[in-house]
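Only one structure is covered here, and it is reproduced in the block below.
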Amino acid sequence: MAGRDFLQIPGPTNIPERVLRAMDRTMIDHRGASFRNLLLGLMPRLKALFGTEPGTPVLFAGTGTAGLEAALVNTLSPGDRVLVYVIGYFSQVYARMAERMGLDVQRVELPWGEGISGDDLESRLRNDKEQRIKAVLAIHNETSTGVKTDIPAVRGAMDRARHPALLIVDSISGLGCLDLRFDEWGVDVAIAGSQKGLMLPPGLALLCVSDKALKAGQSAKLPRYYFDWSAMIEQNRKGLFPYTPATSLLFGLDEGLNLLFEEGLDRVFARHARLAEGLRRAVRAWNLPLVAKRPELASDTVSAIRAPDGLDADKVIDLAASRFHVALGGGLGPLQGRAFRIGHLGALNAVEVLAIAGAVEMVLGSLKVPIDLGRGVAAAQSWFLSSNGTEPV
Ligand code: PLP
């Protein structure tokens, strides 16, 4: 087709030309000086991205799920209790993974579209008189429902309850898009994937680990070999990997980080907030509800939108793909057929958001949803003109 396809699933995201070009090169010796310079050059910028000074970045070849697994096996022992807020598909997967590993999982099941409440967490932790909970697993951004978590509120609850549990944060669809302050927010392990805010292909799990989590690792008894972060950290300090690294992805990461820091992290976060708001205004103009139950929960990286009653949301996705070459995300789990998702993260600008909104309007119009063509686009346009953005509109 002429022009380009729009990849508006909530990851993998669009890969900028510069990142593509950076990866388009032959392999180098991963035990040589060039590799050492590459890896050692990545580390300070990864620390800045996570918002840490003492924290230790760790990279594994694998997707985000690999990073989630690494966080558990390096900090916990069989039978350890973990508290998991299940607020959607991905937090559910994390709870299942923890169960499968033999952890004692205390699930807090909330209706999908709800968020984690600090007050609720505080009372649960206060009730844990023997402090059996070893870790709280919180999702920074639940990609299935488009709900974000106020991580400082989670940390505040843990501090008020004076609870020593580790705070493990899945920021797979947050890092590089949403503010994340590892040190300031007292996060112990943060996990991300390469294919979202970092604008790379999938295949790299990125973690940041606190000294407290490293210490917990010394007595953690869950079996691990590939995901043993102590071996990884020891080798990384020398500019090496304990096994073959995903070298191409590291070339890409180098350039992805360049892009993020050239723009400036604060501006990257502000851009995501502004683009998300533009899209939400379009959705409001279509009279379609978000899955997120309250405006303050709405994610700035993905919007999960409920299809009107009687319309199979998968038809929206199918038509967007087949007729307009726009890939939207499907509803996951119980939201399949009921909601569709628009990813607005990574390399994206306002004009692209308008194009996406325009395409979704045409899809909804074709499916006889009663909307006025152009209203959503106009609502987003007005927002982009009135809000103080810096990128070209
Ligand atoms: N957690 C969240 C919040 C996600 O968005 C995803 C993927 O989209 C995952 C976990 C799983 O990551 P991956 O598919 O990279 O293994």
Side-chain angles (χ1 to χ4, degrees), residues 7-15 50 58-73 82 84-101 110 112-116 135-151 154 167-178 180 187 189-208 226-227 246 249 252-253 256 272 276 291-292 297-304 317 327-333 335-336 339-346:
L7 181 64
Q8 297 315 138
I9 56 175
T13 59
N14 295 288
I15 305 178
F50 278 104
V58 179
L59 305 169
F60 289 106
T63 63
T65 308
L68 297 175
E69 182 161 336
L72 299 182
V73 296
V82 296
V84 191
Y85 277 87
V86 176
I87 58 169
Y89 179 84
F90 291 105
S91 37
Q92 188 175 64
V93 167
Y94 209 13
R96 277 195 200 133
M97 183 197 291
E99 277 157 6
R100 188 84 69 84
M101 301 211 152
L110 298 180
W112 289 25
E114 266 302 341
I116 303 175
V136 173
L137 313 189
I139 193 158
H140 191 190
N141 189 75
E142 177 47 86
T143 321
S144 65
T145 57
V147 165
K148 67 183 172 195
T149 299
D150 182 351
I151 300 295
V154 169
L167 174 56
I168 298 180
V169 176
D170 170 348
S171 188
I172 289 174
S173 58
L175 186 76
C177 312
L178 309 179
L180 174 65
V187 179
V189 189
I191 304 109
S194 50
Q195 76 274 25
K196 314 257 183 188
L198 286 158
M199 306 168 285
L200 306 178
L204 210 54
L206 303 95
L207 292 90
C208 189
Y226 182 81
F227 289 132
L249 287 168
L253 178 60
H272 279 84
V291 173
L297 294 175
S299 157
D300 286 339
T301 60
V302 52
S303 295
I317 296 155
L328 303 175
L332 295 173
L335 292 174
Q336 201 209 333
F340 61 96
R341 294 175 301 148
I342 301 178
H344 32 85
L345 68 165

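In listed order, ligands and their atoms are each counted from 1.
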Numbering as shown, the atoms of ligand 1 that approach Gln195 to under 4.0 Å (heavy-atom distance):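 The list of qualifying atoms is 13 (P), 15 (O).
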[atom]: the protein heavy-atom neighbour that sits closest, reported with distance to 0.1 Å:
atom                    : value
atom 5 (O) of ligand 1  : Thr143 OG1, 2.5 Å
atom 9 (C) of ligand 1  : Phe90 CD2, 3.4 Å
atom 10 (C) of ligand 1 : Ile172 CD1, 3.3 Å

For a quick test of your reading: what N or O donor-acceptor pairs under 3.5 Å do the side chains of residues 63-70 make, sequence neighbours left out?
none

Those residues that, when tested against Arg100, pass side-chain contact (heavy atoms from CB on, under 4.5 Å) (two or more places apart):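 Partners of Arg100 by the side-chain contact (heavy atoms from CB on, under 4.5 Å) criterion come out as none, since no residue qualifies.
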Under-4.0 Å heavy-atom contact with ligand 1, by part of Thr65 that carries it: both
Geometric class of the Phe60/Phe227 ring pair [parallel <30°, tilted 30-60°, perpendicular >60°]: perpendicular
Do ligand 1 and [X] have nitrogen or oxygen atoms that lie under 3.5 Å from each other?
X      : result
Gly64  : yes
Asp170 : yes
Lys196 : yes

Ser173 versus Thr301, closest heavy-atom pair with distance: O-OG1, 3.2 Å
